[in-house]
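Below is one structure, written out as structure tokens, with a few remarks after it.
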Amino acid sequence: MENVVVLIVGAGPAGLAIAACLSQFSIPYVIVERESCSASLWRNRAYDRLKLLLAKEFCELPHMSYPLDAPTYIPKTLFVKYLDDYVEHFNIQPKYLTSVESSTFDNEEKCWSIVAHDMAKSTIVKFTAKFLVVASGENSAENIPMIHGLQSFPGDVIHSSSYNSGKSYFGMNVLVVGSGNSGMEISYDLVAHGANTSIIIRSPIHVMTKELIRLGMTLARRLPLNLVDTLLVMAANLIFGDLSRYGIRRPKMGPMILKSETGQSAVIDVGTVGLIKKGIIKVQGSISKIMGDIVEFQCSKKISFDAIVFATGYKSTANIWLNNGENMLNGNGLPIKEYPNHWKGENGLYCAGLGRRGLAGIAVDVKNIASDIKSVIGTMSG
């Protein structure tokens, strides 16, 4: 049994950032991570051409800036290096290959009792902690929808987290399911590598350029969001024109308000829209069923595909191991309270990086959590 002040679950950007903030206050902590490295999503499950979609000033973790010569939009390799430097700078030492099986609040002892599995040694490790921080991420498990007949499909079926590049799909007919940033960028990458590409776009999306989003986030510090949204939508319409005839509809809500109220991001175009307009990437509607290599769409169109890439996002797995967290997380493992008050539960329970605000949201969460833990410890010793 290990007694700790703060136990942090997850060594992605949120877990590392909370560790750094606690060390600024000299508050001892232990950080556990089920993978064999920090930030495994970025290191092992992000495609090669990925760059951070937001300008670097919105993507820093607390207490450490990017190098002065870093580009405005940080590529994956540079971001991973930044995280490695961050770990070294703050001397963060995660216990890797340690998977939390359960955590329960002990009312009598007034502490969290956590059971974890040390996968390297095949042993059970137990912790008690005054404070528990859920930093296991909104992206901890792949989400692949149930589609009638999918198991009969003979070709490659992968989730976007397993996609590295379109090299192996040259000359193939590939269907990308999902039209968020990953789906749109993977479609572009497939075409660049010579695949015949179709994408399913079901929900309305805002298509923006990265410069427009940077402008929007900068203006949002000074202006009301509905005014910023009006400007962004006008500018996007000038740049892209009316995309509805290509199967891309805009949501009723503006991009900044949509992000703040639902967590849904605008799609930042990397060139995909131009390929859709030229008919090089074909937009399809919803799938009704799959029969072998034939995908039948709801409009009754039938097309044969060699591979399907599901860019259908992820889900949080915190609910699987967290007991007594019902006041903080809903059935999907995401916060019940609205941003920016979502980060605190009861009995010393916190969550970092689940507010769907990306790296900027993580930085706000972890500063709040570290300050709150510091003040609670202050009252306990006072």
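Just so we're clear, the structure is a prediction, and the values are computed from it rather than from any experiment. All residue numbers refer to positions in the sequence shown, counting from 1.
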Is there a side-chain contact (heavy atoms from CB on, under 4.5 Å) between H159 and Y314 once you walk through the steps?
CA-CA 10 Å; H159 185 266; Y314 298 85; 3.7 Å; yes

E142 vs S161, test: side-chain hydrogen bond (donor to acceptor under 3.5 Å, both in side chains). Steps then yes/no.
CA-CA 8 Å; E142 299 164 0; S161 58; 2.7 Å; yes

Only residue of L54, L50, L52 satisfying side-chain contact (heavy atoms from CB on, under 4.5 Å) with I74 is L52

Output yes when a side-chain donor or acceptor of H342 lies under 3.5 Å from a complementary backbone atom of C351, and no otherwise.
no

Show your working on side-chain contact (heavy atoms from CB on, under 4.5 Å) between V295 and I303 and close with a plain yes or no.
CA-CA 5 Å; V295 176; I303 304 175; 5.5 Å; no

Shared ILVMFWY cluster between Y246 and I200, side chains joined below 4.5 angstrom?
no

Check: S40 side chain, C37 main-chain N or O, donor-acceptor pair, under 3.5 Å:
no

Following the transitive rule for hydrophobic clusters with a side-chain heavy-atom cut-off under 4.5 Å over Ile, Leu, Val, Met, Phe, Trp and Tyr, establish whether Y73 and L359 coincide in one cluster.
no

Considering non-hydrogen atoms only, spot the tightest contact between N323 and S102 and give its length.
ND2-CB, 4.2 Å

Before you tell me yes or no, could you show the steps for D118 and T98 under side-chain hydrogen bond (donor to acceptor under 3.5 Å, both in side chains), namely the whole-Å CA-CA distance, both residues' side-chain angles and the distance that decides it to 0.1 Å?
CA-CA 5 Å; D118 179 332; T98 303; 5.1 Å; no

Would you say the side chains of S304 and D293 form a donor-acceptor pair under 3.5 Å?
yes

Residues D106 and K110 bridged, charged N to O under 4.0 Å
no

Taking atom types as modelled, find out whether T104 and N324 have a side-chain donor-acceptor pair closer than 3.5 angstrom.
no

Evaluate side-chain contact (heavy atoms from CB on, under 4.5 Å) for I205 paired with V207, printing each intermediate quantity in order.
CA-CA 6 Å; I205 49 175; V207 180; 4.2 Å; yes

Stepwise, does the side-chain hydrogen bond (donor to acceptor under 3.5 Å, both in side chains) test hold for T312 with N143?
CA-CA 6 Å; T312 39; N143 181 36; 5.2 Å; no

Quick check: is F131 connected to W343 through a chain of hydrophobic side chains (ILVMFWY, heavy atoms under 4.5 Å apart)?
yes

N/O donor-acceptor pair under 3.5 Å between T197 side chain and A195 backbone
yes

Correct closest heavy-atom pair for A266 and M208 would be CB-CG, 3.9 Å

Determine yes or no for a side-chain-to-main-chain donor-acceptor pair under 3.5 angstrom, with K76 supplying the side chain and A46 the backbone.
yes

Would you mind checking if E185 and R49 are paired as a salt bridge, meaning a charged N to carboxylate O distance below 4.0 Å?
yes

With a 3.5 Å distance limit and no angle check, can you tell me whether S300 reaches the backbone of E296 through a side-chain donor-acceptor pair?
no

Linking I/L/V/M/F/W/Y whenever their side-chain heavy atoms sit closer than 4.5 Å, directly or via other members, would V366 and V5 fall into one cluster?
yes

Any side-chain heavy-atom pair from F105 and S113 closer than 4.5 angstrom?
no

Any heavy-atom pair between the side chains of I213 and L53 that's under 4.5 Å?
no

Centroid separation Y86 to H63 less than 6.0 Å
no

Nearest atoms (heavy-atom pairs only) where L16 meets A11
CG-O, 3.8 Å

Non-hydrogen side-chain atoms of Y350 and L132 separated by less than 4.5 Å
no

Can you tell me how far OG of S103 sits from CD1 of I114, rounded to the nearest 0.5 angstrom?
6.0 Å

Looking just at side-chain N and O atoms, do N91 and Q93 make a donor-acceptor pair shorter than 3.5 Å?
yes

Rounded to the nearest 0.5 Å, how far apart are CG of L97 and CD of E35?
8.0 Å

Rounded to the nearest 0.5 Å, the CD1 atom of I268 sits from the OG1 atom of T209 at a distance of 8.0 Å

With heavy-atom distances below 4.5 Å as the criterion, would you say the side chains of S198 and V174 are in contact?
no

Salt bridge between D365 and K344, side-chain N to carboxylate O under 4.0 Å?
no

Using 4.0 Å as the upper bound for N to carboxylate O, is an ion pair formed by E109 and K130?
no

Determine whether N173 and N196 make a side-chain contact, defined as any pair of heavy atoms from C-beta on separated by less than 4.5 Å.
yes

Are T72 and K56 linked by a side-chain donor-acceptor pair shorter than 3.5 Å?
no

Are the side chains of K374 and F25 in touch, meaning some heavy atoms are under 4.5 Å apart?
yes

Heavy-atom closest contact (F310 atom, I147 atom, distance)
CE2-CD1, 3.7 Å

May I ask you to test the W112-L322 pair for a side-chain heavy-atom distance under 4.5 Å?
yes

Assess the side chains of K259 and Q264: does a donor N or O sit below 3.5 Å from an acceptor N or O?
no

Do the side chain of Y82 and the main chain of L61 share a donor and acceptor less than 3.5 angstrom apart?
yes

Is there a donor-acceptor pair closer than 3.5 Å between any side-chain N or O of D269 and the backbone N or O of T272?
yes

Restricting to non-hydrogen atoms, name the atom on G216 and the atom on M256 that form the minimum distance, rounded to 0.1 Å.
O-CE, 3.6 Å

Can you measure from CZ (R34) to CD (E101) and round to the nearest 0.5 angstrom?
11.5 Å

If you apply the rule side-chain contact (heavy atoms from CB on, under 4.5 Å), what do you find for I158 with Y163, and how did you get there?
CA-CA 7 Å; I158 63 164; Y163 179 94; 3.9 Å; yes

Are the side chain of N319 and the backbone of G331 linked by a donor-acceptor contact shorter than 3.5 Å?
yes

Look at E57 together with R214 and state whether they make a salt bridge at an N to O cut-off of under 4.0 Å.
yes

If you look at every heavy atom in S152 and I290, which pair is closest and at what distance?
OG-O, 3.7 Å

Tell me if the CE atom of M234 is crowded by more than 12 foreign heavy atoms within 6.0 Å.
no

side-chain contact (heavy atoms from CB on, under 4.5 Å) with I8: of I92, V134, I18, only one passes, and it is I18

Hey, does the side chain of H206 reach the backbone of R249 with a donor-acceptor pair shorter than 3.5 angstrom?
no

Using modelled atom types only, decide if a donor and an acceptor are shared between the side chain of E60 and the backbone of Y66 within a distance under 3.5 Å.
yes

Is the shortest side-chain heavy-atom distance between S260 and R357 below 4.5 Å?
yes

Does V176 belong to the same Ile/Leu/Val/Met/Phe/Trp/Tyr cluster as Y47, with side-chain heavy atoms less than 4.5 Å apart forming each link?
yes

Rounded to the nearest 0.5 Å, how far does CG of L175 lie from CD1 of I287?
5.5 Å

How many angstroms lie between CG in N330 and CG in L354, if you round to the nearest 0.5 Å?
10.0 Å

Could you go through the salt bridge (Lys or Arg N to Asp or Glu O under 4.0 Å) check for R43 and D84 one step at a time?
CA-CA 11 Å; R43 227 178 275 277; D84 287 341; 2.8 Å; yes

